[in-house]
Amino acid sequence: MLNSQHPETFAQLDRGVVVGLSGGADSLSLVHAATRAGLNVEAVVVDHQLQAGSRAVAERAARQAEGLGASARIVPVEVEAFGEGPARAARYRALGAAAEGRGVLIAHTATDDAEGFLLGLARGSGTESLAGMREFTREHPAVEAGAGWVGRPLLHASREDTVATCEYAALDYWTDPHNSSPDYLRSRIRTELLPHMQEVLGGAVVDHLALSARLLRDDATTLDSLAQSALQEVSEDADAEGLASKINCLKVSAHQPAMRRRIYRAWLKEPAGALTNVHIEAIDALVIAWRGQGPVSVPWSAHWHTMNPARRATHRLVVRRQEKHLVLHALPRAEHPVPPEPQ
């Protein structure tokens, strides 16, 4: 992870790194590896307070980190809603705030990539969702919350590897009961689907899925870079509200569908929130199947919502076609009705 591709990270290592620690085998083995590598490690244990005894689990994890030579602290958080998403968002906010500009190491493994690949495949997702996680990134919620960067140095290791490391180092890791709960789709993939796939396809299936995810990450990164260059070629003057530039429909239509989809995502990356395939197909229809249809409603980004939260209540963020251009507008809700945002 910290190699010649990211030399700027070396200058920051004197300040140390934050390791997100849950007490599980993956994160404990990461603390073990980071301290053995000579890094100045602060293990941050985020207590989601969602399970009875969570404080005791957090305290045990912190003690083990200190026994490995790291400093440690426990950060309790309030999770806004039920489910993996809100808990993950709260965790990354806490890690980013604790980092204060330092890098954050997260203990994702090849097994996590394999599980994510299967989730994306089942949901009919595109290359970006099937692609593996980045080993190094500055585009992450923890960075938005204050971290300098996020690294995932265990993406070539399996969960079996991290368990073996903990056993070798005599680390008593915690097993989160949520990891085997049938209430979570990822847990069912982990405990039901992957074991069955290994039985049918062989024990190396996790490695092969993770390899596919990594190859798709390389493809997605290359295509995104090409789309960014293409966006500069098809963009024109900013719209009246300054939300985003105009897009020349004729120039966009000259590109293949895969590139058009990425151009739209690159164009709307900052001002709009997370876009689904339904959003993208509707926007594309404004370009290649224009019949006078109305604007396409897209979600507000967290940035614009934070800047002016009242605006979301009075306006919809929409992509609309004006003559030969696509433009992004904040459209008053009283103006021409706009269909609900696709789910």
Side-chain angles (χ1 to χ4, degrees), residues 1-2 9 12-13 15-37 39-51 54-55 57-79 84-113 115-116 132-157 159 161-163 165-166 169 171-176 178-179 186:
M1 190 236 349
L2 299 177
T9 60
Q12 301 176 11
L13 289 180
R15 295 188 58 202
V17 294
V18 165
V19 174
L21 176 63
S22 68
D26 295 347
S27 58
L28 267 178
S29 66
L30 179 55
V31 173
H32 177 265
T35 54
R36 283 175 65 88
L39 297 180
N40 176 14
V41 176
E42 180 181 22
V44 174
V45 188
V46 178
D47 180 6
H48 300 88
Q49 306 178 91
L50 296 176
Q51 302 176 46
S54 66
R55 181 71 186 189
V57 171
E59 289 173 348
R60 185 177 73 168
R63 286 195 301 271
Q64 291 195 92
E66 290 169 345
L68 290 169
S71 63
R73 62 167 143 158
I74 299 170
V75 180
V77 296
E78 296 289 338
V79 179
E84 295 177 272
R88 181 170 53 249
R91 178 167 63 254
Y92 288 151
R93 284 195 300 270
L95 289 174
E100 297 182 317
R102 292 173 292 172
V104 170
L105 301 183
I106 297 175
H108 288 132
T109 66
T111 309
D112 292 306
D113 257 353
E115 293 167 359
M133 290 176 278
R134 290 180 172 87
E135 290 184 284
F136 175 89
T137 184
R138 283 196 173 89
E139 296 182 5
H140 191 278
V143 175
E144 295 174 6
W149 45 270
V150 166
R152 300 181 177 96
L154 300 185
L155 286 180
H156 291 270
R159 190 160 293 130
D161 293 330
T162 63
V163 169
T165 296
C166 288
L171 297 172
D172 184 17
Y173 61 88
W174 175 62
T175 300
D176 187 347
H178 284 171
N179 289 341
R186 183 179 283 270

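The distance from the CG atom of L105 to the CH2 atom of W149 is 5.0 Å, given to the nearest 0.5 Å. Atoms CG and CZ, on L30 and R152 in that order, are 12.0 Å from each other to the nearest 0.5 Å. With rounding to the nearest 0.5 angstrom, the CG atom of L28 is 7.0 Å from the OG atom of S22. Rounding to the nearest 0.5 Å gives a distance of 5.0 Å between CE of M133 and CG of D112.
Heavy-atom minimum distance, A62 versus A72: O-CB, 3.7 Å. Residues T109 and A157 share a closest heavy-atom pair of CB-O, 3.1 Å. Heavy atoms only, all atoms of each residue included: R138 and G148 are closest at NE-O, 3.3 Å. The two residues D113 and G132 come nearest to each other via the heavy atoms OD1-CA, 3.4 Å. Of all non-hydrogen atoms in V79 and A87, the two that sit nearest each other are CG1-N, 3.7 Å. Residues G20 and S27 approach most closely at O-CB, 3.4 Å, considering heavy atoms.
Partners of E115 according to the side chain to side chain donor-acceptor pair (under 3.5 Å) rule, which considers only residues two or more places apart in sequence or in another chain, are R159, R186, R190. By the salt bridge (Lys or Arg N to Asp or Glu O under 4.0 Å) test, D176 pairs with no residue at all, sequence neighbours left out. Residues passing the salt bridge (Lys or Arg N to Asp or Glu O under 4.0 Å) test with R88, sequence neighbours excluded: none. For R91, the side chain to side chain donor-acceptor pair (under 3.5 Å) partners at least two apart in sequence or on another chain are H48. Under the rule for a side chain to side chain donor-acceptor pair (under 3.5 Å), the partners of E139 that lie at least two apart in sequence or sit in another chain are K269. Under the side chain to side chain donor-acceptor pair (under 3.5 Å) criterion, T35 pairs with no residue at all, not counting sequence neighbours. Residues satisfying the ring pair (Phe, Tyr, Trp, His ring centres under 6.0 Å) criterion with H140, sequence neighbours excluded, are Y92. Listed by chain and number, the residues in a salt bridge (Lys or Arg N to Asp or Glu O under 4.0 Å) with E144 amount to none (sequence neighbours excluded). Every residue two or more places apart in sequence or in another chain that forms a salt bridge (Lys or Arg N to Asp or Glu O under 4.0 Å) with R55 is listed here: E59. For A33, the side chain to side chain contact (heavy atoms under 4.5 Å, CB included) test picks out no residue, with sequence neighbours left out. For A61, the side chain to side chain contact (heavy atoms under 4.5 Å, CB included) criterion is met by L21, V45, not counting sequence neighbours.
Side-chain atoms of L68 and V41, non-hydrogen and from C-beta on, never get closer than 4.5 Å to each other.
Under a 3.5 Å cut-off, the side chain of E42 and the backbone N or O of G16 do not form any donor-acceptor pair. Of the possible polar contacts, none joining the S54 side chain to the L50 backbone as a donor-acceptor pair under 3.5 Å is found.
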What's the verdict on side-chain contact (heavy atoms from CB on, under 4.5 Å) for R93 and V77, showing C-alpha distance, side-chain angles and the deciding distance? CA-CA 9 Å; R93 284 195 300 270; V77 296; over 6 Å; no
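The list of salt bridge (charged side-chain N to carboxylate O under 4.0 Å, His left out) pairs with a residue in residues 27-36, not counting sequence neighbours, is empty.
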